[in-house]
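Data first, discussion second: the structure below is written as structure tokens.
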Protein chains: 2
Amino acid sequence: MGWALAVVFRGYVKAADAVAEGLPGGHRAYQILSAAARDEPGSQAALAHLLGIDRTVMTYLLDDLVGAGLVERQPDPDDRRSRRVVLTARGRDMLADLDERFRRAEMHLLASLDDPEQQAFRSLLCAVAAHVNDLDPVATACDAVQEISRRADQPRSGTAAARP
Amino acid sequence: MGWALAVVFRGYVKAADAVAEGLPGGHRAYQILSAAARDEPGSQAALAHLLGIDRTVMTYLLDDLVGAGLVERQPDPDDRRSRRVVLTARGRDMLADLDERFRRAEMHLLASLDDPEQQAFRSLLCAVAAHVNDLDPVATACDAVQEISRRADQPRSGTAAARP
DNA sequence: TATTGTTATACTCTATAACTATA
DNA sequence: TATAGTTATAGAGTATAACAATA
């Protein structure tokens, strides 16, 4: 199983980094934007823990995203040590575009499965992931992922993801 | 989905490296032993491609495994440039032990799923992996993985994997 | 004292380049 | 000329350590 897992993961990273070309930080930057948009993070440390990366690496990634004008570090009124990561307007536009591109990349990755199988795979993968980390914020993130993929299964009215 | 995939993959690598403690090369060394035992590889380059690692890295990993007396580099009679990777007797014993330990680690990783769900997850994961690489030897490896997990589902007579 | 975030440093890992030997 | 394997080197990526600010 480890072999298949590695193959799929490498395939995902490769496809995701290709799709996220131009975004400083590659597929991990997308996950930062995605998590920050759901305002789950609260702080850089929480965000880093959620994505499984070191807090120092998070600093570098955020530096690049701030430099690109996609996110801002806002002071947390409740804890002046902490910084809240929030998307700029440009960051939200970028994320909407990335959401659609990543959705298509994932569809391509799972192309060998039919629709119910894809649904089952996503569901099982999320269940395993939720178990691997037995943490609350993690489960929330997984639910959100599920929700996004469910939303994407509905008929689309335009080329880009729905945004007011 | 990328998030869940990363979480599960990291969880697997962490568990696998812990289980493979003492084996030089960690979980990747196990995959080398496993592939070599099925004599799929033929050569170091083919093995490296199968596992998705560079041929130079394969040299280092094999150096350690040879140093530990687990594998041998045998000259290929058909192509004197190539080396066939074969397990020593000690390597086969080690692999049998590792197979059992990895099987338990995977069970623990998928503990949140019931038996049919685990079966479905492995099957779907293999199908996706087979699609990601559209290569023949890859499909073979996946079948073998499936076979091993199927065999492991049969009632066990002892604590260790069946070995004559 | 513990934690957040930053910076600088050191380390690990991986890939690149150059080489030998075969084909 | 192209490929298999090895080696040495350089590069990317990551973690460690030290620091300031705050809890």
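A, B, ... follow the sequence lines: proteins, then strands. Residue 1 opens every chain. Computed from heavy atoms alone, side chains included, the values below leave out hydrogens, waters and symmetry copies.
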**Message:** So, does A:R28 get its side chain near the phosphate of D:dT14, meaning an N or O under 4.0 Å from OP1 or OP2?
**Reply:** yes
**Item:** Between D:dT9 (P) and B:Y60 (OH): distance, integer Å
**Value:** 11 Å
**Request:** Would you indicate what A:T59 reaches in the nucleic acid, counting non-hydrogen atoms under 4.0 angstrom: base, sugar-phosphate, or nothing?
**Result:** base
**Atom pair distance, as rounded to whole Å: CG in B:L47 and P in D:dT6** = 12 Å
**Asked** If you group Ile, Leu, Val, Met, Phe, Trp and Tyr by side-chain heavy-atom gaps below 4.5 Å, do A:L125 and B:L113 land in one group?
**Response** yes
**Request:** Over 60° means perpendicular and under 30° means parallel, so classify the ring planes of A:F9 and B:F9, tilted if in between.
**Result:** parallel
**Prompt:** With distance as the sole criterion, is a donor-acceptor pair present between the side chains of B:T59 and B:R55 under 3.5 Å?
**Reply:** no
**Prompt:** What nucleic acid atoms does A:R84 come within less than 4.0 Å of, heavy atoms only: base, sugar-phosphate, or nothing?
**Reply:** nothing
**Asked** Got a salt bridge between B:R103 and B:E106, using NZ or NE/NH1/NH2 to carboxylate O under 4.0 Å?
**Response** no
**Message:** Does this structure show an ion pair linking A:R73 with A:D63, if we count only N-O contacts that are shorter than 4.0 Å?
**Reply:** yes
Using nucleotides 17-23 of chain D, report all nitrogen or oxygen pairs with the protein that are shorter than 3.5 Å.
unit_1 : atom_1 : unit_2 : atom_2 : d
D:dA23 : OP1    : A:R80  : N      : 3.1

**Prompt:** Taking 5' to 3' order, which nucleotide of DNA chain C is first and which is last to have an atom within less than 4.0 Å of a heavy atom in chain A?
**Reply:** C:dA2 to C:dA8
**Asked** Separation of B:D54 atom CG from D:dT9 atom P, in whole Å?
**Response** 18 Å
**Request:** Please tell me if the side chains of B:L65 and B:V85 come closer than 4.5 Å, counting only heavy atoms from C-beta onward.
**Result:** no
**Prompt:** With side chains defined as the heavy atoms from C-beta onward, is the minimum distance between B:T88 and B:D93 less than 4.5 Å?
**Reply:** no
**Message:** Without decimals, in angstroms, what is the distance between A:I53 CD1 and D:dT14 C1'?
**Reply:** 11 Å
**Fill in**
Rounded to the nearest 0.5 Å, the CG atom of A:L61 sits from the CD1 atom of A:I32 at a distance of 4.5 Å
